[in-house]
Structure formats: structure tokens, C-alpha cells
Q: 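One structure, pasted below without further comment.
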Amino acid sequence: MSKLVPHEENLTARYAERAARMVPSEIRSLFAVASRPEIVSLAGGMPNLSALPMEMMADVVQKLILENGQEALQYGSGQGHPRLREQICEMMALEGIRAKSDDVVITTGSQAALDLITRIFVDPGDVILVEAPSYVGALGVFAQYQSQVVHIAMDDKGLIPAALTEAITKVRAAGGKIKFLYCIPNFQNPSGVTMPASRRTEILDICREAEIFVVEDNPYGLLGFDGPVPNAMRAEDHENVIYLGSFSKTIVPGLRVGWALVPQGVKEKLIIANESSVLCPSNFAQLTISSYLAHEPWRDQIASFCSLYKERRDAMLESLDAHFPASATWTKPKGGFYVWVTLPPEIDTKVLVPRAIAAKVAYVPGTAFYADGFGSWQMRLSYCHPTPERIRKGVAALGNVVKEEIARRGGETPKAVR
Ligand code: PMP
């Protein structure tokens, strides 16, 4: 007799425990709807490649294959290509980082670096300190390694040092093992907030004193459009900071090239973890990026990305001013992709999604960015992808949906704080 294909419920018993935490993110389930052409998607955080000359990319790829195909299409090193690691150090110098290429490990996007670092450090039950709110992709990784996420409150200057100290004391008093602090100091995803230099120093001092690594995730650092961006935290502390970088936002996400700059002691483990995951990061992708950096005006290209995003950021902030109710507040990002909106606390942004979709606009509800269900009256709006006209249309439509909901509930109430 032939065996039946196992259904999901009998498979559950066969899965590892950690599989129970492998659940789709709220963003993923929204993507299918948000990508319909009639919907203005303020949901995804996809880089806008319309400013990238595709003929130039095609030339880079063609030359690479014709001139160096034997290497580009071959396996490579588990640590990543030495030439690209040198170029990464030149790029990080723009953020004040002085590093040796030997301390860089190239990964399949910085997402893989996040996964591998967590794999190296975190046992089930260990604590990871995380900004509130934080990057949904990091929360997914932390969940899968069965960590406990402890959120640390932020203000308009990022992580609040006193809240960090308090959390460390509390977790340790309860016997918790803190493995690292995960933070995104520049144009944070999802809040758009940037930590000023003095705040960075305070956070670094607290973590060094408490012997807690800082994992500094910095994919947006070079996408500032309103004046200088503070130096990376890694620039100030090379022993206690694990720095994650990415070409996804400065060049292209599709090649999946990111990196980690790690203290010497962590490097060997990271290379081994990388090898066990992918053997080696793609030589083709790395050498494409490397040739692009060597031969093309990448600084100018980043400047064109910045002006494209700035125009969209301005369109979004103007439309929020024009169409959102007085009881709503939002961040004013100086770079990156995101604006974080806080509505009156009785408004549930998850409940509003179908109404927003009916009004042809999509966003991500705030709860996606917390591990603990917080944020039900918040939402992330991204301005990176639609045209400024579409952003204006989408924000106006969303403003109406929000105002209708406030009116339906009979008025406005003061905002709650975390
Ligand atoms: N960190 C943050 C804060 C991000 O926003 C993203 C992508 N949206 C990543 C890491 C992952 O980027 P990638 O894997 O493309 O380098």
C-alpha cells in the first residue's frame, strides 16, 4: 500500500523544535498584495534601481566573464575574495573605520552575516538586546535560534542609554545571559532614526563595561542626504563591535554581497560557519562588485541614489504634513528608506490594512518590528520605491483611512509611550 504524503500537522512532530519559530514575516504576507500594480506600496524596502545604468552593469559582467571567467565562475575562499575585502576596507574608511582586509568576512548579503553571528553566539534562551522597534529580518533570525529578545526603548536619537543600562541590570539579576546588543545606528529600519555621535559613545561605553558585544548593522550608512553622518560605532571600538555591511543599498541587492568586520577572535568561527552554510560566497557576485568598484564611478552612483531617495523622502514628509491627522507623529529621516508613524494608541494598524488596500495603498503594521507584540498603533512607511507622485497619492489615501478610523472611534486620545 502506498504511503500518504504527510500533512503539515504530522510533519510538525518530526520537525526540530526551532522550526516552530520559522514563521513567515508579516512583511512577506503583505508583499503579494502590495506588489499589485494598482497599489502604491509603501510596504517593501526594495532599493530603487531605476537610477542604475543597466548597460554599464552589463558591460561590467561581460568583461568579467570574458577576461576572468575562469576565476569568476569557480569556487572561491570561505572568507571571501581578497581584492573585494581590500575594497570594502576603502569603503568603510568613509565611515571612519580603519580595518585590515584580513578581518573582513564576505557573506551572502548581510542577512547571512546576521544569521551566522547569531549561530555562533546564541544558545536557546540566551538574551539579545534589540532596539524597539527593529529590523524584521533580524527578529526572524533571533527567533529561529530560540533567543529571548529584550527590546530597548528609543527616542529621536536612537537607543536610550539609561534604558540599556536598566535592561542589562534587570536581565542579569534574573539570571539571563546577554549575548549581544543588535543596533542599526544609521537611518534605522524601521524608524529612520540616526544615533548622534555622543549617543554612540555612551552606548559603546556601557556595552564595553558590561562585556556585551555590539552588533552594528549598517546597510544604509552611505545613504545620508541631509549633511554628514556620524562615524560608524566600529570606528570608535575595534574590539567590542561586530560590524555588518552590505552592497544591497549602495549598488544592487540581487548580487547578495554583504560582509562582517569582526574582532580577530571571532573571525575563524565566522569563516567556518560561512563555509558550512555556503562553502564560499559567490565568486561571480563578488568579482562583479569588485570590477564595478574598480572601474565605475561608484561614489557618483551613490550620490544619484541619494538624490532619488531624498526627493521621495521630501514627497512623503510633505504629504504626511498635508494629509495625516494632528494626533499622528512621525520621524524625519535624514537618509535611508523609512518613516515611522505613530497614531493614537486605540488605532490598530493591522486592522486598517484591508481598508488601506481597498484605498490602494500598502504599509507594514508596527507589530512586525517587535518581538513582543508591541507597536499596534504604529506603522512603517517606505519611500524608496514609488515615484514621488505615487507616494503623494498613497499617503493621501492612507491619511483618509486613518482619519476615518479616528472619526469612527469618536475622537482623538493622547499617545501612549512604551
Ligand atoms: N539589515 C537591515 C537593517 C536591513 O534593512 C536589511 C535589508 N533590508 C538587511 C540587514 C539585509 O540586507 P542584505 O542581506 O541585502 O545585505
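In each ligand, atom 1 is the first atom listed, and ligand 1 is the first ligand listed. Computed from a prediction, not measured in an experiment: that's the story for all the values here. Reckoned from all heavy atoms, side chains included, excluding hydrogens, waters and symmetry mates.
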Q: Side chain of Arg199, backbone of Gly158: donor and acceptor closer than 3.5 Å?
A: yes

Q: If the condition is salt bridge (charged side-chain N to carboxylate O under 4.0 Å, His left out), which residues does Asp348 pass it with, not counting sequence neighbours?
A: none

Q: Can you pull out every salt bridge (charged side-chain N to carboxylate O under 4.0 Å, His left out) where at least one residue sits in residues 354-363? Sequence neighbours excluded, please.
A: Arg355-Glu405

Q: Pairs of donor and acceptor atoms involving the side chains of residues 126-138, under 3.5 Å and at least two apart or interchain, shall be tabulated with distances.
A:
unit_1	atom_1	unit_2	atom_2	d
Asp126	OD2	Asp123	N	2.8
Asp126	OD2	Lys179	NZ	2.6
Glu131	OE1	Ile184	N	3.1
Glu131	OE1	Gln188	NE2	2.9
Tyr135	OH	Gln111	OE1	2.6

Q: Compute the centroid of each ring, for Phe247 and then for Tyr292, and state whether the two points are separated by less than 6.0 Å.
A: no

Q: Considering only heavy atoms, which protein residues lie less than 4.0 Å from any atom of ligand 1?
A: Gly109, Ser110, Gln111, Tyr135, Ile184, Asn189, Asp217, Pro219, Tyr220, Ser246, Ser248, Lys249, Arg256

Q: Please answer whether the main-chain N or O of Phe142 pairs with a side-chain N or O of Thr118 as donor and acceptor at a distance below 3.5 Å.
A: no

